[in-house]
Amino acid sequence: MSEDTNKRELNLTDQMQIRLEKLEEYERRNLNPFDEVRYEVTSDSATIHENFEAMEGKSVALAGRLMSRRGMGKASFADLRDRSGTIQLFVRINNLGEAAYNEWQSLDIGDWIGLRGEVMRTQRGEVSVRVSEYTLLAKALRPLPEKHHGLRDVDTRYRQRYLDLIANPETLDTFRKRSLLIAGIRRFLDERGFLEVETPILNLIPGGAAARPFITHHNALDIDLYLRISPELYLKQLIIGGMDKVYEIGRQFRNEGMSVRHNPEFTMLELYEAFADYHDIMLLTEEMINAQAVALCGGDQVKWQGSEIDLSIPFRRLSMNEAIEEATGIDFNQIETYEEARSLAEERELHVEPHWMRGDIINLFFETYVEENLIQPTFIYDYPIEISPLTKRKPGQSDVAERFELFINGQEIANAYSELNDPRDQRKRFEAQLKKRALGDEEAGFMDEDYCLALEYGLPPTGGLGVGIDRLTMLLTDSDSIRDVLLFPTMKPRFDATAGVE
RNA sequence: GAUCCGUUAGCUCAGUCGGUAGAGCACUUGACUUUUAAUCAAGGGGUCCUGGGUUCGAAUCCCAGACGGGUCACCA
């Protein structure tokens with residue numbers, strides 16, 4: 001036994017000490033609960049509640065966690081939590097026998113048990129199971145959080161999510177909804193002929209977005225690799241390869257600040273459809289989001305942090321220039337040069353980065369004066385070409401990209417465009433990104449020769465879409481922090497002198 | 001990164017002006033054969049986040065740090 005273990009034993013609380021002694025007593029009698037390997041379950045709490053009339057008097061076998069106990073001497077009650085909900089257990093010395101009943105008294109809240117018994121209703125009308133035999137399946141050595149107030153400590157809720165799930169039913173509900181959302185999106189896309197694919201997370205060149213990447217290292221190849229910031233360039237290569245409609249739901253990694261809306265790893269849906277443009281993708285996007293809201297929230301009117309969000313189709317549509325003009329009175333169609341744009345920004349004391357161009361300043365105006373006010377779902381379309389290096393130019397307007405983003409609650413939820421497919425133009429755009437990088441923009445893109453090569457074989461006209469799944473989950477679960485929709489959000493290490501001793 | 005707030009029993013939280021560390025739930029012991037926040041009686045349990053400082057005396061005041069949360073900056 002290591003010193004570490006001894007130290008931890010000295011730190012045992014009284015409650016843990018008592019539970020440990022009970023466990024050791026089981027072991028002495030060759031009844032170690034951790035030797036149990038399976039338990040045959042024939043029903044669950046929800047089934048019994050829903051079908052009580054038919055099941056009354058029938059024998060059932062259940063398994064779950066003991067959540068509370070009410071002892072009455074020679075009879076007692078307990079609540080069992082299983083996969084489907086909670087059911088009351090009624091235990092009497094007459095049914096169990098004296099020895100087994102005394103042993104039952106030594107069970108602790110948090111223990112896992114399997115049991116057989118008869119479905120019944122108590123005098124007070126509570127649907128219950130009269131236990132005739134039971135087996136301890138696992139001992140909980142630590143007590144659970146308090147039953148009325150649940151677990152409030154945010155730090156503990158994030159670091160020990162299992163406690164949050166046990167103690168706070170609304171947390172379980174949020175993650176159930178997240179799971180259903182992702183399943184619903186898959187079904188929606190599969191029904192429309194999309195193929196789900198997987199592309200590399202370890203990238204030689206981090207492409208498809210403007211973001212700082214994580215760097216890692218492959219030992220055998222002795223090369224640095226980047227964790228992907230977007231699957232875009234791979235997915236478009238699959239369109240080139242003839243997979244007309246593809247999507248990927250996966251984790252992306254961006255080495256940037258953390259906030260109530262940003263986690264270093266987050267989940268994105270990206271899809272690409274050949275022979276479609278951004279107008280088609282707009283229709284698909286609103287239909288997909290509307291369908292998920294109806295499925296998860298029972299309708300297209302959704303409450304989020306006190307405001308009513310109207311997700312009925314169609315969503316509002318506004319060009320970026322219209323949106324800026326509406327908010328500021330400035331029509332950037334009339335502002336043709338970088339110098340004019342910059343002086344407009346300076347008049348308003350907005351900070352302009354040295355590597356910025358006219359389009360970056362238009363984007364700055366949008367982000368400063370428009371973005372946070374887009375509470376109801378709004379498609380903002382037609383973006384400056386300089387901040388859209390992978391997007392097709394709008395015919396007849398060489399400085400405008402066929403791109404839209406969807407905003408809800410002032411947050412970007414989706415980003416989409418008609419994909420740039422001219423390999424000559426793409427190469428120029430990459431070169432422009434390299435210039436930005438040289439001027440100090442750490443988020444600017446790299447030249448991707450493999451992608452340029454692929455484009456030279458011909459990418460058909462294609463529409464592409466990215467959707468932030470975490471943010472969409474926040475919207476549909478009324479969560480105000482991304483950490484509340486991530487089972488295990490990124491956290492700093494907790495200081496612990498006994499950790500990492502090995 | 002800047003700034004504000006928080007950290008006290010297993011959990012949820014009080015803690016006044018700087019003067020012996022508190023409650024509810026949970027736990028232990030006893031009573032109780034239909035309770036459901038069961039009840040009744042008695043009891044045990046503390047690195048007051050960490051390290052310094054001031055003071056006769058610090059959970060409390062001061063400084064530094066850790067972790068968490070909010071806001072701003074960056075970003076999706």
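Quick note on labels: first sequence line is chain A, next is B, and so on, each numbered from 1.
- Shown here are the ring pair (Phe, Tyr, Trp, His ring centres under 6.0 Å) partners of A/Tyr234, two or more places apart in sequence or in another chain: there are none.
- Under the salt bridge (Lys or Arg N to Asp or Glu O under 4.0 Å) criterion, A/Asp484 pairs with A/Arg157, not counting sequence neighbours.
- Residues forming a side chain to side chain contact (heavy atoms under 4.5 Å, CB included) with A/Gln376 (at least two apart in sequence, or on another chain): A/Ile309, A/Asp310.
- Within the structure, the ring-ring contact (aromatic ring centres under 6.0 Å, His included) test picks out the following pairs touching residues 101-127 of chain A (sequence neighbours left out): A/Trp104-A/Tyr134.
- Legend: residues meeting ring pair (Phe, Tyr, Trp, His ring centres under 6.0 Å) with A/Phe407, ordered by chain and number and at least two apart, are A/Phe366.
- At least one side-chain nitrogen or oxygen of A/Arg152 sits closer than 4.0 Å to the OP1 or OP2 atom of B/C13.
- The only member of A/Arg69, A/Gln15, A/Lys139 that meets side chain to side chain donor-acceptor pair (under 3.5 Å) when paired with A/Asp108 is A/Lys139.
- Partners of A/Phe266 according to the ring pair (Phe, Tyr, Trp, His ring centres under 6.0 Å) rule, which considers only residues two or more places apart in sequence or in another chain, do not exist here.
- Straight-line distance from the CZ atom of A/Arg157 to the C1' atom of B/C67: 17 Å, rounded to whole Å.
- Scanning residues 470-492 of chain A for heavy-atom distances under 4.0 Å to RNA chain B yields A/Arg471, A/Arg483, A/Met491, A/Lys492.
- Considering only side-chain atoms of A/Glu126, the nucleotide from B/C25, B/U28, B/U35 that sits closest is B/U35.
- Qualifying ring pair (Phe, Tyr, Trp, His ring centres under 6.0 Å) partners for A/Tyr247, counting only residues two or more places apart in sequence or in other chains: none.
- With sequence neighbours excluded, the residues forming a side chain to side chain contact (heavy atoms under 4.5 Å, CB included) with A/Lys177 are A/Asp173, A/Leu296, A/Thr477, listed by chain and number.
- Straight-line distance from the CD1 atom of A/Ile166 to the P atom of B/C25: 22 Å, rounded to whole Å.
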Listing time: all N or O pairs from protein to nucleotides 40-46 of chain B that are below 3.5 Å?
unit_1 : atom_1 : unit_2  : atom_2 : d
B/G44  : N2     : A/Asp14 : OD2    : 2.5

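- Minimum atom distance to the side chain of A/His148 is reached by B/A37, of the listed B/G68, B/A37, B/U34.
- For the contact set between residues 71-105 of chain A and RNA chain B, defined by any heavy atom under 4.0 Å, the members are A/Gly71, A/Met72, A/Gly73, A/Lys74, A/Ala75, A/Phe77, A/Gln88, A/Phe90, A/Arg92, A/Ile93, A/Asn94.
- Remark: A/Met120 engages A/Phe90, A/Thr122, A/Ser128, A/Arg130 in a side chain to side chain contact (heavy atoms under 4.5 Å, CB included) (not counting sequence neighbours).
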